[in-house]
Amino acid sequence: MPTYFQRPENALKRANEFIDVGKKEPALEVLCDVIKSKRHRTWQKIHEPIMEKYLALCVELRKSHVAKEGLYQYKIISQQVMTRAVPIPATDGAGVLQSHDDLVTIAEAAWAMKVASSNFYKSCDNLPELFKFMFPGPITNVFTMSKSKISYAISDGLGPFFNQELSKMQAEQLALDLFYWFKKIPCRKEDYFETQLGLGLDEEVFIRHVQSRWLTLLPALNRILKNMEAASKYFLKDLPAMAREEGTERSLNGNDMY
């Protein structure tokens, strides 16, 4: 349920209180409510630090769709005054002023990610003209995400970037190892199902990630996160216990995948 504040300053103060105790989701909700509130549609100086804090939280929580919505609301608010740059946080949390060209690039990147996640490629035909009609403004006037540009941006821009970032966390290798650990030896899957049932969870296998198709990585990682409790218990407790009973501890510890 939205929380209404008489003054935007109070919303920013409340958000900072949430952040101080590690509650970033509620902090983002508070700022989102004040940005969308019709009570505060008149631009004030306080809107700048609110937007800076809002976008910083979006980056940390990886909520690109929420960031996009906030930028749109800020555009509505700031149309009453001279066009100004919006403080966009870098990945390290430091605010940097973005130019008009940067804002266009951000809008195009946001749309490219939506197209990739929802398979909207065909809908990109004549899209710039539609956006200009629906959302007239300086950004949509130069928005040029045609079908061919979308394909190029995803395959040669966003795809390699996300692959590089994810490889730092070895997330891709984890998804591959978990899938093939159970695929190669079916009896392991049965043992894992017993672990899941013991925790009151449904039987679920890990999703295959195809390295040449980076869009398959997100569903595979989501499945891992969903089953983290069961996977941790299986690999850290149940599997070593079974190996001790069967006298195969040395073989298990010598398995590179394990």
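The figures that follow rest on heavy atoms only: side chains count, while hydrogens, waters and symmetry mates do not. Throughout, residue positions are numbered sequentially from 1 according to the sequence presented.
Residues passing the side-chain contact (heavy atoms from CB on, under 4.5 Å) test with E25 are L61, K63, sequence neighbours excluded. Evaluation of the side-chain contact (heavy atoms from CB on, under 4.5 Å) rule for E17 yields K13, R14 as partners, not counting sequence neighbours. For Y54, there are no ring-ring contact (aromatic ring centres under 6.0 Å, His included) partners, not counting sequence neighbours. F18 is linked by a ring-ring contact (aromatic ring centres under 6.0 Å, His included) to nothing, counting only residues two or more places apart in sequence or in another chain. For D191, the salt bridge (Lys or Arg N to Asp or Glu O under 4.0 Å) criterion is met by no residue, not counting sequence neighbours.
Inter-residue side-chain proximity for F206 and D177 is flagged as unmet; no heavy-atom pair is nearer than 4.5 Å. Between L178 and F235, the closest side-chain pair of non-hydrogen atoms falls below 4.5 Å. Counting heavy atoms from C-beta on, the side chains of L57 and I19 come closer than 4.5 Å. Counting only heavy atoms from C-beta outward, the side chains of N16 and L12 approach each other to under 4.5 Å.
To the nearest 0.5 Å, atoms OH (Y234) and CD (E194) are separated by 10.0 Å. For the atom pair OH of Y192 and CG of L197, the computed distance is 11.0 Å after rounding to the nearest 0.5 Å. The line from OG1 of T195 to CD of E203 is 11.0 Å long, rounded to the nearest 0.5 Å. A distance of 5.0 Å separates SG of C32 from CD of E69, quoted to the nearest 0.5 Å.
Summarising the local packing, CG of D20 is surrounded by more than 12 heavy atoms from other residues, nucleotides or ligands at distances under 6.0 Å.
Nearest heavy atom pair, residue L31 against residue A11, reads CD2-O, 4.2 Å.
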Side-chain polar contacts of residues 217-230 - donor-acceptor pairs under 3.5 angstrom, sequence neighbours left out - could you list them?
{"unit_1": "N222", "atom_1": "ND2", "unit_2": "L218", "atom_2": "O", "d": "3.4"}
{"unit_1": "R223", "atom_1": "NH1", "unit_2": "V205", "atom_2": "O", "d": "2.7"}
{"unit_1": "K226", "atom_1": "NZ", "unit_2": "E204", "atom_2": "OE2", "d": "3.1"}
{"unit_1": "N227", "atom_1": "OD1", "unit_2": "Q196", "atom_2": "NE2", "d": "3.1"}
{"unit_1": "N227", "atom_1": "ND2", "unit_2": "E204", "atom_2": "OE1", "d": "3.2"}
{"unit_1": "N227", "atom_1": "ND2", "unit_2": "R223", "atom_2": "O", "d": "3.0"}

Checking side chain to side chain contact (heavy atoms under 4.5 Å, CB included) for the pair W181/L239: CA distance, chi angles, key distance, verdict? CA-CA 12 Å; W181 175 268; L239 188 57; 3.5 Å; yes

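A salt bridge (charged side-chain N to carboxylate O under 4.0 Å, His left out) with D238 is found for exactly one of K233, R244, R188, namely K233.
I207 and F182 are assigned to two separate hydrophobic clusters, defined by single-linkage of ILVMFWY side chains at heavy-atom distances under 4.5 Å.
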